[in-house]
Amino acid sequence: MWGRSLPPFQAQVPEAFAAVRNDPAYAFAPGAERERAFRHEIATHWALTRLLDEAGYPGNGRVMRTAVSHQVAQLLGGHHGRFGAALMAKEVAHASAYQTGLGGDGWAAQRGAHFEELRRITGAWAVPERGLSAELAVIVTGLVVVADWLASQTEAIIPLLPSAEWRATPEEINAHWERTRKAAPGLVAGAQLGRARFDAERFEDMSRSPPTPSRATLSLICRRWSRRRVRGWL
């Protein structure tokens, strides 16, 4: 949503974009609406770094590589499997000057409103104390990629679309959130995602041949993975 609240993304539907194109509250630099190379996943990285920092995510404001706000924003921006290059502090502080596709202050305010409303509806007020380890970042990235794939399917979106009279009041957003939560388990089940279960845990039970040293190693790996009770296959 943060990567889609920007001129080039909204301009893809000209009749809808016309409502804000000439609105002074949503000003943008000339030609910004044609910045199609500034894709929504890139915008997610750029916009969320500032929003997460303002939300209190820890880090050094001068060195983005060590900031938790930047790490999480970069991770979420990589929801298509590609991560953006690390940003510099001056780019985060003056993002729209470096990326005109972000639009002006009105667009930034709209992204901030989406951010705060998402925190409210999900109750996600807590902030991490430190950055993710490399191992955990890999796992979270897998979850993010799969979640984006599931939620972006047309058959998942259309049944939950609100009516044209929808005005995003807190009550309407609450109702939409509840509908989304109820639909999620069926979507996950339909994609055949879930907990992986193994009929056999030992290599000897999987093969008729006696284990060689390499097979013994494989047997150990299989037992360890089965004890972890891995959820799904990413």
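Side chains are part of it too, since the values below use all heavy atoms of this structure and drop only hydrogens, waters and symmetry mates.
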Could you state the interatomic distance from [atom1] ([X]) to [atom2] ([Y]), rounded to the nearest 0.5 Å?
X: Arg21; Y: Phe28; atom1: CZ; atom2: CZ; result: 5.5 Å
X: Leu160; Y: Glu155; atom1: CG; atom2: CD; result: 11.5 Å
X: Gln110; Y: Leu6; atom1: CD; atom2: CG; result: 11.5 Å
X: Trp166; Y: Ile173; atom1: CH2; atom2: CD1; result: 5.0 Å
X: Thr44; Y: Arg111; atom1: OG1; atom2: CZ; result: 9.5 Å

Test your reading of the model: is there a side-chain donor-acceptor pair from [X] to the backbone of [Y], 3.5 Å cut-off?
X: Gln99; Y: Ala43; answer: no
X: Glu172; Y: Arg167; answer: yes
X: Asn174; Y: Pro170; answer: yes
X: Gln10; Y: Arg4; answer: yes

Are Ile42 and Val72 connected, step by step, through hydrophobic side chains (Ile, Leu, Val, Met, Phe, Trp, Tyr) whose heavy atoms are closer than 4.5 Å?
-> no
Could you tell me whether the side chain of Arg179 reaches within less than 4.5 Å of the side chain of Lys182, counting heavy atoms only?
-> no
Heavy atoms only: give me the nearest Val68-Pro128 pair and the separation to one decimal.
-> CG1-CG, 3.7 Å
